[in-house]
Amino acid sequence: MIVYFNGKYLELNDVKVSPFDRGFQYADGVYEVMRTYKGKFFRYEDHMQRLAYSLNEIKIKFDKLNDLTVILARLVDANNQNNEEITAYIQVTRGAAFPRKHSFPPEGVPPTVFVSTSALPQNTFSIDEGIKVILEQDIRWKRCDIKSISLLPSILANQHALEQSAGEAVWVNDGSLTEGSHTNFFGVREGVLYTAPLSNLILSGVTRKVILEICDSLGIQVKESAIKENELESFDEFFITGTTTEVKPVVQINNLIISSGRPGVLTGKLYEAFIKIAYSHSL
Ligand code: PDD
């Protein structure tokens, strides 16, 4: 597998990351995950904008965002010849500097840039099946709008979910469900879609944005207001969204079974609309 690392296209095994890289030592970096539909990256500009935002918020100077188009094309060319759908991972850290110091490295230390592409596994998911999620108290930092590579709370929560036969962990902040460990979270009550508003408590999901655009075009009412833990029983449907997750119905939250365990009708409608838009790159 060929990857991009600091200006070079290398066999994965030939990549040498410094132990003094700030990503390795401090998780001092940001990342993006994108995927293709019909071989074209979906909402590329949105992902690039979010990467630029994350970099800017943590003050990493990286002026080669525009080069990513060429880098990704070359990687896809080298790795993915079979017309398969692809996921791309882009990571930028504050670079490697010795000695280890909390303060930023001196001017001139370049960021470390890593990009990889890999084939997405064949999608075996059916919209007729929902997943269970568990609730976790949000122990993350208060800048979840930044796509930071510091993911330890999310890893622990996701693992906890797996151990309880759940597909995702959803964060609870002050009694409100904000987002999943790596997804955004939605509920439907009496035909109205609810999701947490954009703030420092959630990532501005690209899939979330598409879902809100679909609602707008279909005339579905949206309330960007977080769902409270104590009102879950009043909701008819729940689902999560994400780049690789797409739209997944949630039919159980902890021990609460939603709508007799069947995925919701509006969730199905939004899923269908999403898939149509994704494969046609429209909207
Ligand atoms: N996760 N919220 C969090 C905390 C996320 O990490 C993600 C994405 C999302 C959904 O965003 P989007 O629709 O743009 O993928 C929401 C990526 C895919 C990951 O960590 O692999």
Side-chain angles (χ1 to χ4, degrees), residues 23 27 29-37 41-54 57 85-92 114-121 123 125 131 133-162 167-173 176-187 193 195-215 224 226-227 238-248 250 270-271 273-275 277-278 281 283:
V30 295
Y31 75 107
E32 264 306 319
V33 177
M34 296 185 290
R35 64 155 292 169
T36 60
Y37 286 97
F41 284 107
F42 184 56
R43 294 294 180 121
Y44 185 81
E45 291 307 324
D46 286 333
H47 284 283
M48 286 304 118
Q49 263 176 30
R50 189 169 66 188
L51 181 55
Y53 174 80
S54 294
E57 289 303 299
E85 300 295 3
I86 287 147
T87 171
Y89 179 78
I90 303 165
Q91 177 176 307
V92 184
F114 172 72
V115 186
S116 67
T117 60
S118 47
L120 271 167
N123 193 355
F125 173 74
I131 61 159
V133 301
I134 59 163
L135 299 183
E136 293 272 322
Q137 290 306 315
D138 197 346
I139 55 167
R140 300 176 301 168
W141 71 329
K142 294 197 172 60
R143 289 305 308 273
C144 302
D145 52 317
I146 297 170
K147 206 158 169 51
S148 156
I149 58 170
S150 174
L151 289 170
L152 194 48
S154 310
I155 290 162
L156 295 176
N158 199 249
Q159 184 61 26
H160 194 202
L162 281 182
E168 174 63 308
V170 175
W171 296 117
V172 179
N173 252 289
S176 291
L177 281 64
T178 48
E179 66 173 342
S181 75
H182 60 293
T183 56
N184 288 114
F185 182 76
F186 297 77
L193 187 80
T195 195
L198 294 184
S199 77
N200 60 315
L201 297 179
I202 70 164
L203 185 76
S204 170
V206 173
T207 323
R208 175 189 182 280
K209 185 178 171 195
V210 177
I211 290 296
L212 297 190
E213 287 174 15
I214 292 171
C215 286
E224 288 187 67
I227 298 159
F238 294 101
F239 63 91
I240 54 171
T241 65
T243 292
T244 47
T245 304
E246 299 177 318
V247 177
K248 248 188 203 164
V250 169
L270 292 172
Y271 172 79
F274 176 80
I275 290 298
I277 284 160
H281 291 274
L283 210 139

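Predicted model, so just to flag it, every value in this text is computed and none were measured. Counting starts at 1 for both ligands and their atoms, following the listed order. One is the number of the first residue; the rest follow in order along the sequence. What you see below is based on every heavy atom in this structure, not just the backbone, and it leaves out hydrogens, waters and symmetry mates.
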Hey, does [X] come in under 3.5 Å of ligand 1, counting only N/O atoms on both sides?
| X | answer |
| --- | --- |
| Y31 | yes |
| H47 | no |
| R208 | no |
| G242 | no |
| S204 | no |

Please identify which atoms of ligand 1 are closer than 4.0 Å to at least one heavy atom of [X].
| X | answer |
| --- | --- |
| R50 | 11 (O), 12 (P), 14 (O) |
| E179 | 2 (N), 3 (C), 4 (C), 16 (C) |
| G205 | 11 (O), 12 (P), 13 (O), 14 (O) |

The single option from E179, E246, E224 that satisfies salt bridge (charged side-chain N to carboxylate O under 4.0 Å, His left out) with R208 is E224
Sequence neighbours excluded, which residues qualify as ring pair (Phe, Tyr, Trp, His ring centres under 6.0 Å) partners of Y53? none
Identify, with sequence neighbours excluded, every residue that meets ring pair (Phe, Tyr, Trp, His ring centres under 6.0 Å) alongside F41. none
Do the side-chain N and O atoms of N173 and D138 include a donor-acceptor pair separated by under 3.5 angstrom? yes
Would K209 count as a contact of ligand 1 if the rule is a heavy atom under 4.0 Å away? no
Can you tell me which portion of [X] lies within the under-4.0 Å heavy-atom range of ligand 1? Options are side chain, backbone, both, or neither.
| X | result |
| --- | --- |
| T207 | both |
| S181 | backbone |
| N184 | both |

Can you tell me how far apart CD (Q49) and OG (S54) are? Round to the nearest 0.5 Å. 11.5 Å
Just verifying a value: how many Å separate K209 NZ and T241 OG1, rounded to the nearest 0.5 Å? 13.5 Å
Looking only at protein heavy atoms, what sits closest to atom 17 (C) of ligand 1 is K147 NZ, 3.2 Å
Looking only at protein heavy atoms, which one is nearest to atom 7 (C) of ligand 1, and what is the separation? H182 O, 3.3 Å
Indicate, with yes or no, if the rings of F185 and F238 have centres closer together than 6.0 Å. yes
is_close_aromatic(F42, F274), centroid dist under 6.0 Å: yes
Taking the basic N atoms (NZ, or NE/NH1/NH2) and the acidic carboxylate oxygens, is any pair closer than 4.0 Å for E32 and K147? no
Of T241, V33, T245, T243, the residue with the heavy atom nearest atom 15 (O) of ligand 1 is T243
Apply salt bridge (Lys or Arg N to Asp or Glu O under 4.0 Å) to residues R143 and E57 and explain how you reach the verdict. CA-CA 9 Å; R143 289 305 308 273; E57 289 303 299; 2.8 Å; yes
